[in-house]
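Atoms within each ligand, like the ligands themselves, are counted from 1 in listed order.
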Amino acid sequence: MTAEERFQSIIAAEDKIEPADPMPDGYRKTLIRQMAQHAHSEVIGMQPEANWIARAPTLRRKAILIAKVQDEAGHGLYLYSASETLGPGRDQLQELLHQGKHKYSSIFNYPTLTWADIGAIGWLVDGAAITNQVMLTRTSYGPYARAMVRICKEESFHQRQGYEALLTMSRGSDEQKAMVQDAINRWWWPSLMMFGPHDADSTHTKESMAWKIKRVTNDDLRQQFVDMTVPQCEFLGMTPPDPDLKWNEERGHYDFGEIDWDEFWRVVKGDGPMNRERTARKVKAWEDGAWVREAAAAHAGKTAAREAAKRAAKRQDDKRGEPHGV
Ligand code: FAQ
């Protein structure tokens, strides 16, 4: 069996491709691109919410938000580790992000203007992320699929806390209700953009579906998200900002309006409301944290040297037949 045949047989059998398995160059490249983008999104995605940690309205909300932002850092780490199994180190991937050569999700280039934005991010942004990531638990690359299982469990907590925050506000004062509607108005369309371009305009979907990296297409995931989210929005007593949104009895789905694709591509290409700030802050955090990385590496080096000395001493003791540690 050739390497290509072995790869195809694993894919056809719905087994997982593992790091040492043969894989076509394109498969490896596509995975590195997507997983790195995903990792970068988790890390940059901490910024919009971190903006509100110091201003959370209660201690409970502050504790929840800190835990959530910390989870996102953890997700970034799982994903960089999973990417490392394909070759590139995390420093190398972050360098590409800092140089603007790697993308991250368009959604994180919008500002968080009010406290309701934090609820909207949890409900809509994490909601869109889960819709996409549940299908990725079945992706064909083993380390990515396993990372996704853990991440999805945490994202589902994130989504609920966001919805609960909005539900509380939507049962509050007129001012609070208006704040919730305003946040929905601003986050609705960018959340729909998270799923990427229409299938017909998607560069990678066809190949990624054949390789079972993606298991559902951009448009189908977007439709799933709209179908799930509209009734939740109604339960809040709010209205999605889409005059074309309408239940279609025949299709058994909601019809919805067209995304502003000019805006989407502008944001993807670096010209969104917050692109420059987000990247500059990420680069600064990386530079400011250099001493921590150096200290951690020095500590790891010392620990490794101590362990090596212990092993050498044990070997000597074994040779002399003496009990260890005497
Ligand atoms: N933003 O051919 P396709 C989170 C690019 S969740 C920016 O359809 P593909 C959790 C795409 O890269 C958010 N760029 O691409 C959280 C490609 O350009 P390239 C992250 C986008 O890969 C919540 C070009 O357009 N989730 O962070 C976007 O097959 C709250 C053509 O597109 C993931 O990354 C976009 N929205 O499908 C954290 C999930 N859409 O690379 C904090 C994993 C498309 O050729 C707080 N990723 N592009 O130059 C995926 O499932 C896929 O990569 C898609 C795009 C579905 C995003």
- Message: Would you say CZ of Arg281 has more than 12 non-hydrogen atoms from neighbouring residues, nucleotides or ligands within 6.0 angstrom?
- Response: no
- Check the side chains of Asp227 and Gln223 for a donor-acceptor pair under 3.5 angstrom, ignoring hydrogens and angles. yes
- Task: Could you see which bit of Gln34 sits under 4.0 Å from ligand 1, with heavy atoms only: side chain, backbone, both or neither?
- Result: side chain
- Sub-4.0 Å atoms of ligand 1 with respect to non-hydrogen atoms of Gly196: 40 (N), 44 (C)
- Query: How far is atom 15 (O) of ligand 1 from its nearest protein heavy atom, and which residue and atom is that?
  - Reply: His204 CD2, 3.6 Å
- Item | Nearest non-hydrogen protein atom, atom 57 (C) of ligand 1 | Met194 O, 3.9 Å
- For Tyr104, counting its heavy atoms only, list the atoms of ligand 1 lying under 4.0 Å from any of them. 1 (N), 7 (C)
- Would you please test Arg33 and Glu207 for salt bridge (charged side-chain N to carboxylate O under 4.0 Å, His left out) and show each step? CA-CA 14 Å; Arg33 176 190 62 81; Glu207 216 162 30; over 6 Å; no
- Query: Side chain, backbone, both or neither: which part of Met46 comes within less than 4.0 Å of ligand 1 when only heavy atoms are counted?
  - Reply: neither
- Closest to atom 3 (P) of ligand 1 among protein heavy atoms sits Ser202 OG, 3.4 Å
- Message: Using heavy atoms and a 4.0 Å limit, tell me yes or no: is Met35 in contact with ligand 1?
- Response: no
- Query: Checking Arg90 against Tyr78: charged group under 6.0 Å from the ring centre and within 45 degrees of the axis?
  - Reply: no
- Trp265-ligand 1 polar pair, N/O distance under 3.5 Å: no
- Task: Could you find the nearest protein heavy atom to atom 13 (C) of ligand 1 and give me its residue, atom name and distance?
- Result: Ser105 CB, 3.8 Å
- Have a look at ligand 1 and work out which part of Ala128, if any, has a heavy atom under 4.0 Å from it: side chain, backbone, both or neither. neither
- Query: Hey, which atoms in ligand 1 end up nearer than 4.0 Å to a heavy atom of Pro197?
  - Reply: 8 (O), 31 (C), 32 (O), 44 (C)
- Item | Subset of ligand 1 atoms that lie under 4.0 Å from at least one heavy atom of Ala129 | 6 (S), 10 (C)
- Task: Classify the contact between Leu136 and ligand 1 as side chain, backbone, both or neither, using a heavy-atom distance cut-off of under 4.0 Å.
- Result: side chain
- More than 12 heavy atoms from other groups under 6.0 Å of CD on Glu175: no
- For atom 39 (C) of ligand 1, what is the nearest protein heavy atom, given as residue, atom name and distance? Asn132 OD1, 3.2 Å
- Message: Measuring from non-hydrogen atoms of Ser208 to any atom of ligand 1, is the shortest distance under 4.0 Å?
- Response: no
- Ionic contact status for Glu287 with Lys284, cut-off 4.0 Å: no
- Task: Using distance alone, determine whether Asp126 and ligand 1 share an N or O pair under 3.5 Å.
- Result: no
- What do we get for Lys68 next to ligand 1 when only non-hydrogen atoms under 4.0 Å count, side chain, backbone, both or neither? side chain
- Message: For the CZ atom on Arg160, are there more than 12 heavy atoms of other groups (residues, nucleotides or ligands in this structure) within a distance under 6.0 Å?
- Response: no
- Is Asp91 salt-bridged to Arg293, going by a charged N under 4.0 Å from an acidic O? no
- among protein heavy atoms, the one nearest atom 37 (O) of ligand 1 is Lys214 NZ, 3.1 Å
- Glu249 CD: over 12 foreign heavy atoms closer than 6.0 Å: no
- Message: Test of understanding: clusters of I, L, V, M, F, W, Y form through side-chain heavy atoms closer than 4.5 Å, transitively. Do Val226 and Val134 belong to the same one?
- Response: no
- Message: For atom 54 (C) of ligand 1, is there a protein heavy atom at a distance under 4.0 Å?
- Response: no
- Hydrophobic cluster membership, Ile118 vs Leu167, 4.5 Å side-chain cutoff: yes
- Task: Just let me know how Phe264 lines up against ligand 1, side chain, backbone, both or neither, with a heavy-atom cut-off below 4.0 Å.
- Result: side chain
- Item | Distance filter under 4.0 Å to Val268 heavy atoms, resulting ligand 1 atoms | 7 (C), 14 (N)
- Query: Taking the six-membered ring for Trp, are Tyr80 and His40 parallel (under 30°), tilted (30 to 60°) or perpendicular (over 60°)?
  - Reply: tilted
- About how many Å separate CD1 of Ile53 and CD1 of Ile64, when rounded to the nearest 0.5 Å? 12.5 Å
- Note on the structure: Glu155 heavy atoms within 4.0 Å reach ligand 1 at atoms 10 (C)
- Quick one: look at Leu221 and ligand 1, take heavy-atom pairs under 4.0 Å, and tell me if it's side chain, backbone, both or neither. neither
- Query: Against heavy atoms of Thr203, which atoms of ligand 1 measure under 4.0 Å?
  - Reply: 2 (O), 31 (C)
- Please state which protein non-hydrogen atom is closest to atom 42 (C) of ligand 1 and give its distance, to 0.1 Å? Glu72 CD, 3.4 Å
- Message: Pairs of nitrogen or oxygen atoms closer than 3.5 Å, one from Tyr144 and one from ligand 1: do any exist?
- Response: no
- Item | ligand 1 to Glu49 polar contact by distance, N or O atoms, under 3.5 Å | no
- Message: Would Asn218 count as being in polar contact with ligand 1, using the rule that some N or O on each side must be under 3.5 angstrom apart?
- Response: yes
- Output all residues satisfying side chain to side chain contact (heavy atoms under 4.5 Å, CB included) with Arg306, sequence neighbours left out; order by chain, then residue number. Thr303
- Atom pair CD/NE2 of Gln133 and His75 - distance to nearest 0.5 Å: 8.0 Å
- Query: What residue pairs, at least two apart or across chains, pass side-chain hydrogen bond (donor to acceptor under 3.5 Å, both in side chains) with a residue in residues 267-276?
  - Reply: Asp271-Arg276
- Query: To the nearest 0.5 Å, how far apart are OG1 in Thr205 and NE2 in His198?
  - Reply: 12.0 Å
- Task: Could you walk me through whether Asp182 and Arg186 pass salt bridge (charged side-chain N to carboxylate O under 4.0 Å, His left out), step by step?
- Result: CA-CA 6 Å; Asp182 170 61; Arg186 284 180 292 105; 3.0 Å; yes
- Tell me which part of Arg33 gets within contact of ligand 1: side chain, backbone, both or neither, using heavy atoms under 4.0 Å. side chain
- Query: Looking only at distance, does Ser106 have an N or O less than 3.5 Å from an N or O of ligand 1?
  - Reply: yes
- Item | Between CH2 on residue Trp52 and OG1 on residue Thr114, distance to nearest 0.5 Å | 6.0 Å
- Task: Give the numbers and elements of all ligand 1 atoms closer than 4.0 Å to a heavy atom of Gly45.
- Result: 42 (C), 46 (C)
- Does ligand 1 have a heavy atom under 4.0 Å from the side chain of Lys103, from its backbone, from both, or from neither? side chain
